[in-house]
Peer 1: 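Quick one: the structure is below, questions incoming.
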Amino acid sequence: MPEVANYNQEVSNRISPIVEKLIKGNSLYQVKLNQQEMIEMLVELFGKLSPEEMRAITEHELTRRIDKILVLEAVSGTLNDLSPEQIKMYDDAVKRK
């Protein structure tokens with residue numbers, strides 16, 4: 001069991017600075033995302049990979065993957081934040097296309 005805790009810490013050590021940098025550099029992320037929650041979710045997600053698979057992912061590729069996940073997390077639920085009038089405007093705009 002200690003090896004699982006060590007691996008999760010290793011994953012966290014790789015993911016945390018990437019998430020911090022991405023959130024710091026993106027105002028949408030700053031408004032929509034909780035940094036600690038995102039780190040925990042990503043550690044759980046990437047922790048499902050084997051240590052060998054995780055270590056094989058380059059920093060650039062890991063950053064790219066994390067950024068895509070953060071975008072999805074930031075924009076999911078955006079329509080829920082709209083007022084009924086804004087939803088009607090959105091529906092009307094979509095129907096015209």
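Here the structure is a predicted model, which is why all the values come from computation and not from measurement. Side-chain atoms are counted along with the backbone in the values below, which use heavy atoms only and exclude waters and symmetry mates.
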Peer 1: Under 3.5 Å, side chain of Tyr29 to main-chain N/O of Gln35, donor-acceptor pair present?
Peer 2: no
Peer 1: Rounded to the nearest 0.5 Å, what separation is found between the CG atom of Asn8 and the CG atom of Asn13?
Peer 2: 10.5 Å
Peer 1: Starting from the C-alpha separation in whole Å, work towards a yes-or-no answer on side chain to side chain contact (heavy atoms under 4.5 Å, CB included) for Tyr7 and Met54.
Peer 2: CA-CA 10 Å; Tyr7 177 58; Met54 184 63 187; 3.1 Å; yes
Peer 1: Other than Leu28, what residues sit in its cluster of Ile, Leu, Val, Met, Phe, Trp and Tyr side chains whose heavy atoms are under 4.5 Å apart, directly or through others?
Peer 2: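 Besides Leu28, the cluster holds Val75.
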Peer 1: What residue among Ile39, Leu45, Val71, Leu22 forms side chain to side chain contact (heavy atoms under 4.5 Å, CB included) with Ile66?
Peer 2: Leu22
Peer 1: With rounding to the nearest 0.5 Å, note down the distance linking CG in Leu72 to CG in Asp67.
Peer 2: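 So the CG of Leu72 and the CG of Asp67 are separated by 11.5 Å.
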Peer 1: Taking only Lys NZ, Arg NE, NH1 and NH2, and the carboxylate oxygens of Asp or Glu, determine whether Lys95 and Asp91 approach each other closer than 4.0 Å.
Peer 2: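 Result for this pair is no, no salt bridge flagged.
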Peer 1: I would like to know whether Met41 and Ile69 meet side chain to side chain contact (heavy atoms under 4.5 Å, CB included); could you show each step before the answer?
Peer 2: CA-CA 10 Å; Met41 180 267 295; Ile69 293 168; 3.8 Å; yes
Peer 1: Under a 3.5 Å cutoff, is there a donor and acceptor pairing between the side chains of Glu10 and Asn6?
Peer 2: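 Side chains of Glu10 and Asn6: no pair found under 3.5 Å.
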Peer 1: Salt bridge check, Arg64 against Glu61: does any charged N sit closer than 4.0 Å to a carboxylate O?
Peer 2: yes
Peer 1: Quick one: CD1 on Ile15 to CZ on Arg65, what's the gap to the nearest 0.5 Å?
Peer 2: 11.0 Å
Peer 1: With side chain to side chain contact (heavy atoms under 4.5 Å, CB included) as the criterion, how do Asn26 and Leu33 come out once you've worked through the C-alpha distance, each side chain's angles and the decisive distance to 0.1 Å?
Peer 2: CA-CA 10 Å; Asn26 188 311; Leu33 302 177; over 6 Å; no
Peer 1: Applying side-chain hydrogen bond (donor to acceptor under 3.5 Å, both in side chains), name anything that partners Ser76, two or more places apart in sequence or on another chain.
Peer 2: none
Peer 1: So, for Pro17 and Ser12, which heavy atoms are closest and what is the spacing to 0.1 Å?
Peer 2: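 That closest heavy-atom pairing would be CD-O, 4.3 Å.
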Peer 1: Do Ile18 and Leu42 come close enough that some side-chain heavy atom pair is under 4.5 Å?
Peer 2: no
Peer 1: Once salt bridge (Lys or Arg N to Asp or Glu O under 4.0 Å) is applied, what residue pairs with a partner in residues 27-47 remain, sequence neighbours excluded?
Peer 2: Lys32-Asp81
Peer 1: Please test Glu59 against Arg14 for side chain to side chain contact (heavy atoms under 4.5 Å, CB included), starting from the C-alpha separation and ending with a verdict.
Peer 2: CA-CA 8 Å; Glu59 285 301 304; Arg14 276 194 76 191; 2.9 Å; yes
Peer 1: So, taking the atom named NZ in Lys88 and the one named CD in Glu85, what distance separates them when rounded to the nearest 0.5 Å?
Peer 2: 10.5 Å
